[in-house]
*Asks:* 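Take a look at the following structure, please.
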Amino acid sequence: MSQIGAAVPGAGVAARWRLDDRVALVTGASAGLGARFARVLHEAGAHVLVTARRADLLDQLARECGERIEALPGDITDASHRQALAGRLASRGRLDVLVNNAGICDDGLLEQQSLEELRGVIEVNLISVLDICRLTAPLLLAAPAASVINVASMYGIVASRGPMAAYNASKGALVQLTRQLAAQWGERGVRVNALAPGYFPTELTTLLARIPALEEIDGPLLFLATAASSYMTGQVLVIDGGWTAV
């Protein structure tokens, strides 16, 4: 039986937080948390493939990071783009860290939304994640200690007072997908966990109470991506400043 996230015996504390020579994919990486995730994984030593619709922002990110980062712009809801991402990773021969970050939020009361609007949210937030996981599964399962990180939300755990029915439903499904894939892939060496952020300063959020800094999610991301969490799978890390505690 394979061990989930098996660590290198005798590795020091600092080494367990490194990703040297690992390959990572971050979706929705043009701005906000996605861009931050890409920078953090890159700084930890990973070769990072980033994708999002806005090519100019991805190119800027790649220029700022320098070597070991590659931009492949495209629409994550486009099946051919997802195939292209999987093909590019297959050409590299490995995938160690998958961060499913791409997401959109619906706005408006459910009864006032169109079916197309609802489907659009589900396509980005859930269907694209299912398909990326499906397409990259051979690489993940072949890696010595792969980690999948699904970016959910605190609203995948608790209800919001705002009109975000499709968003909350998709993030709740993402939490359950995390548990299911952890159960399916754990014995084959792949860990699957989720981050559930609260109101971080991104283009999708309105800030409430104390404004968190983007770097306050760096530790949870690296923890899940590296051998630091080698015996953890099927879990959800909530980073919300205590919002869901009361």
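Positions are given from 1 along the sequence.
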*Asks:* Does some side-chain heavy atom of Cys133 sit less than 4.5 Å from a side-chain heavy atom of Leu98?
*Replies:*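 The answer is yes; the side chains approach within 4.5 Å.
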*Asks:* Could you grab the distance from atom CD1 of Ile127 to atom CZ of Arg134, nearest 0.5 Å is fine?
*Replies:*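 If I round to the nearest 0.5 Å, the distance is 11.0 Å.
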*Asks:* Answer yes or no: is there a side-chain heavy-atom contact under 4.5 Å between Leu222 and Val40?
*Replies:*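 A side-chain contact under 4.5 Å exists here.
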*Asks:* Supply the atom-to-atom distance Asp131 CG to Leu126 CG, rounded to the nearest 0.5 angstrom.
*Replies:*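 Result: 11.0 Å between the selected atoms.
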*Asks:* Hey, mind stepping through Val238 and Val236 against side chain to side chain contact (heavy atoms under 4.5 Å, CB included) and telling me if it holds?
*Replies:* CA-CA 6 Å; Val238 183; Val236 182; 4.3 Å; yes
*Asks:* Measure from the side-chain N and O atoms of Arg88 to the backbone N and O of Leu72, and report whether any donor-acceptor pair falls under 3.5 Å.
*Replies:*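 Answer holds: no.
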*Asks:* Is the backbone N or O of Tyr167 less than 3.5 Å from a side-chain atom of Asp106, with the two atoms forming a donor-acceptor pair by type?
*Replies:*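 Checked: pair present.
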*Asks:* Between OG of Ser30 and CG of Asp59, what distance do you get to the nearest 0.5 Å?
*Replies:*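 Reported value, rounded in 0.5 Å steps: 11.5 Å.
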*Asks:* Sorted by first residue and then second, give each side chain to side chain donor-acceptor pair (under 3.5 Å) pair with at least one member in residues 120-130; sequence neighbours left out.
*Replies:*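 Sorted pair list: Asn125-Ser170.
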*Asks:* Going from CZ on Arg22 to OG1 on Thr226, what distance comes out if it is rounded to the nearest 0.5 angstrom?
*Replies:*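 If I round to the nearest 0.5 Å, the distance is 9.0 Å.
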*Asks:* Taking all non-hydrogen atoms of both residues, which atom of Val175 and which atom of Ala152 are closest, and how far apart?
*Replies:*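 Residues Val175 and Ala152, closest heavy atoms: CG2-CB, 3.9 Å.
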*Asks:* Between Arg54 and Asp56 (salt bridge meaning N to carboxylate O under 4.0 Å), is one present in this structure?
*Replies:*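 Looking at Asp56 together with Arg54, the answer is no, because their closest N to O distance does not fall below 4.0 Å.
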*Asks:* Taking salt bridge (charged side-chain N to carboxylate O under 4.0 Å, His left out) as the test, write out the residues that go with Glu64, two or more places apart.
*Replies:*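 By the salt bridge (charged side-chain N to carboxylate O under 4.0 Å, His left out) rule, Glu64 matches Arg39.
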*Asks:* Hey, is the main chain of Asn100 close enough, under 3.5 Å, to the side chain of Asn150 for a donor-acceptor pair?
*Replies:*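 Pair absent, no side-chain N/O of Asn150 close to backbone of Asn100.
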*Asks:* May I ask you to test the Leu109-Gln113 pair for a side-chain heavy-atom distance under 4.5 Å?
*Replies:*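 SC-SC contact between Leu109 and Gln113 ruled out.
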*Asks:* Of the non-hydrogen atoms in Trp185 and Ala137, which two are nearest, and what is the gap between them?
*Replies:*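 Between these two residues, the closest heavy atoms are CZ2-CB, 3.8 Å.
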*Asks:* Starting from the C-alpha separation in whole Å, work towards a yes-or-no answer on side chain to side chain contact (heavy atoms under 4.5 Å, CB included) for Ile122 and Arg119.
*Replies:* CA-CA 5 Å; Ile122 301 301; Arg119 280 179 171 157; 5.7 Å; no
*Asks:* Taking atom types as modelled, find out whether Arg16 and Ser230 have a side-chain donor-acceptor pair closer than 3.5 angstrom.
*Replies:*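 Checked: Arg16/Ser230 side chains pair up, N/O donor to acceptor below 3.5 Å.
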*Asks:* If hydrophobic clusters are built by linking Ile, Leu, Val, Met, Phe, Trp and Tyr wherever their side-chain heavy atoms come under 4.5 Å apart, do Leu118 and Met164 end up in the same one?
*Replies:*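 Different clusters.
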*Asks:* When you look at CZ of Arg53, are more than 12 heavy atoms from neighbouring residues, nucleotides or ligands closer to it than 6.0 Å?
*Replies:*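 Not buried by this count: 12 neighbours or fewer within 6.0 Å.
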*Asks:* Does a sphere of radius 6.0 Å around CG in Asp107 hold more than 12 heavy atoms from other residues, nucleotides or ligands, not counting ones at 6.0 Å or beyond?
*Replies:*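 Atom CG in Asp107 is not crowded, with 12 or fewer foreign heavy atoms closer than 6.0 Å.
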*Asks:* Donor-acceptor check, side chain of Thr136 to backbone of Leu139, threshold 3.5 angstrom: yes or no?
*Replies:*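 No, the answer is negative, given that no donor and acceptor are paired below the 3.5 Å cut-off.
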*Asks:* Could you please spell out the steps behind the side chain to side chain contact (heavy atoms under 4.5 Å, CB included) verdict for Leu237 and Asn193?
*Replies:* CA-CA 8 Å; Leu237 283 184; Asn193 294 288; over 6 Å; no
*Asks:* Kindly indicate, with the supporting measurements, whether the criterion side chain to side chain contact (heavy atoms under 4.5 Å, CB included) is fulfilled by Val99 and Leu195.
*Replies:* CA-CA 10 Å; Val99 182; Leu195 290 173; over 6 Å; no
*Asks:* Got a sec, which residues hit side-chain hydrogen bond (donor to acceptor under 3.5 Å, both in side chains) with Asp75, two or more places apart in sequence or on another chain?
*Replies:*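 If we apply the side-chain hydrogen bond (donor to acceptor under 3.5 Å, both in side chains) test to Asp75, skipping adjacent residues, the hits are Thr77.
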*Asks:* Where is the tightest heavy-atom contact between Ala86 and Leu135, given as atom of each residue plus distance?
*Replies:*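 Nearest pair, atom of Ala86 first, then Leu135: CB-CB, 3.8 Å.
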*Asks:* Would you indicate whether Glu111, at its atom CD, is surrounded by more than 12 heavy atoms from other residues, nucleotides or ligands within a distance under 6.0 Å?
*Replies:*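 Yes - once you tally the heavy atoms of other residues, nucleotides and ligands closer than 6.0 Å, there are more than 12.
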*Asks:* Of all heavy-atom pairs between Ala71 and Leu58, which one has the smallest distance, and what is that distance?
*Replies:*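 In this case the closest contact between Ala71 and Leu58 is CB-CB, 3.8 Å.
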*Asks:* Would you compute the distance between atom CG of Leu89 and atom CG of Leu95 and round it to the nearest 0.5 angstrom?
*Replies:*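 Here the rounded value is 5.0 Å.
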*Asks:* Quick one: does Glu70's side chain get under 4.5 Å of His47's, heavy atoms only?
*Replies:*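 No; the side chains remain at least 4.5 Å from each other.
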*Asks:* Would you say Leu140 ends up clustered with Leu130 if hydrophobic residues are merged whenever their side chains have heavy atoms under 4.5 Å apart, either directly or through other cluster members?
*Replies:*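 Linked, Leu130 and Leu140 end up in one cluster.
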*Asks:* Okay, side chain of Lys171, backbone of Val151: is any donor-acceptor separation there less than 3.5 Å?
*Replies:*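 Answer holds: yes.
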*Asks:* Looking at Thr233 and Gly186, would you say the former's side chain and the latter's main chain have a donor-acceptor pair under 3.5 Å?
*Replies:*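 No: the side chain of Thr233 does not pair with the backbone of Gly186.
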*Asks:* For the backbone of Ile76 and the side chain of Arg82, can you confirm whether one donor and one acceptor N or O come within less than 3.5 Å of each other?
*Replies:*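 Yes.
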*Asks:* Are Asp96 and Arg94 close enough for a salt bridge, meaning some N to O gap below 4.0 Å?
*Replies:*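 A salt bridge is present here (some side-chain N lies under 4.0 Å from a carboxylate O).
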*Asks:* If you compare all heavy atoms of Pro197 against all heavy atoms of Ile217, which two are closest, and at what distance to 0.1 Å?
*Replies:*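 Of all heavy-atom pairs spanning Pro197 and Ile217, the closest is CG-CD1, 3.9 Å.
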*Asks:* Any side-chain donor-acceptor pair under 3.5 Å between Arg179 and Gln176?
*Replies:*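 Arg179 vs Gln176: donor-acceptor pair found between side chains.
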*Asks:* Does any non-hydrogen side-chain atom of Leu33 lie less than 4.5 Å from one of Asn101?
*Replies:*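 They are in contact (side-chain heavy atoms under 4.5 Å apart), so the answer is yes.
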*Asks:* Does Tyr155 offer a backbone N or O that forms a donor-acceptor pair with the side chain of Ser160 under 3.5 Å?
*Replies:*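 Not a single qualifying donor-acceptor pair exists.
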*Asks:* Write down the atom of Ala225, the atom of Leu41, and the distance for their closest heavy-atom approach.
*Replies:*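 Here Ala225 and Leu41 meet closest at CB-CD2, 3.9 Å.
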*Asks:* Which distance, rounded to the nearest 0.5 Å, do you find between the CD1 of Ile149 and the CZ of Phe37?
*Replies:*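 The CZ atom of Phe37 is 8.0 Å from CD1 of Ile149, to the nearest 0.5 Å.
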*Asks:* Test of understanding: clusters of I, L, V, M, F, W, Y form through side-chain heavy atoms closer than 4.5 Å, transitively. Do Ile104 and Leu110 belong to the same one?
*Replies:*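 No, because Ile104 and Leu110 fall into different hydrophobic clusters, even though each may have its own neighbours under 4.5 Å.
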*Asks:* Given 3.5 Å as the limit, does a donor-acceptor pair link the side chain of Gln83 with the main chain of His81, or not?
*Replies:*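 No, the answer is negative, given that no donor and acceptor are paired below the 3.5 Å cut-off.
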*Asks:* Test your reading of the model: is there a side-chain donor-acceptor pair from Arg191 to the backbone of Met232, 3.5 Å cut-off?
*Replies:*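 Side chain of Arg191 to backbone of Met232, a donor-acceptor pair under 3.5 Å: yes, one is there.
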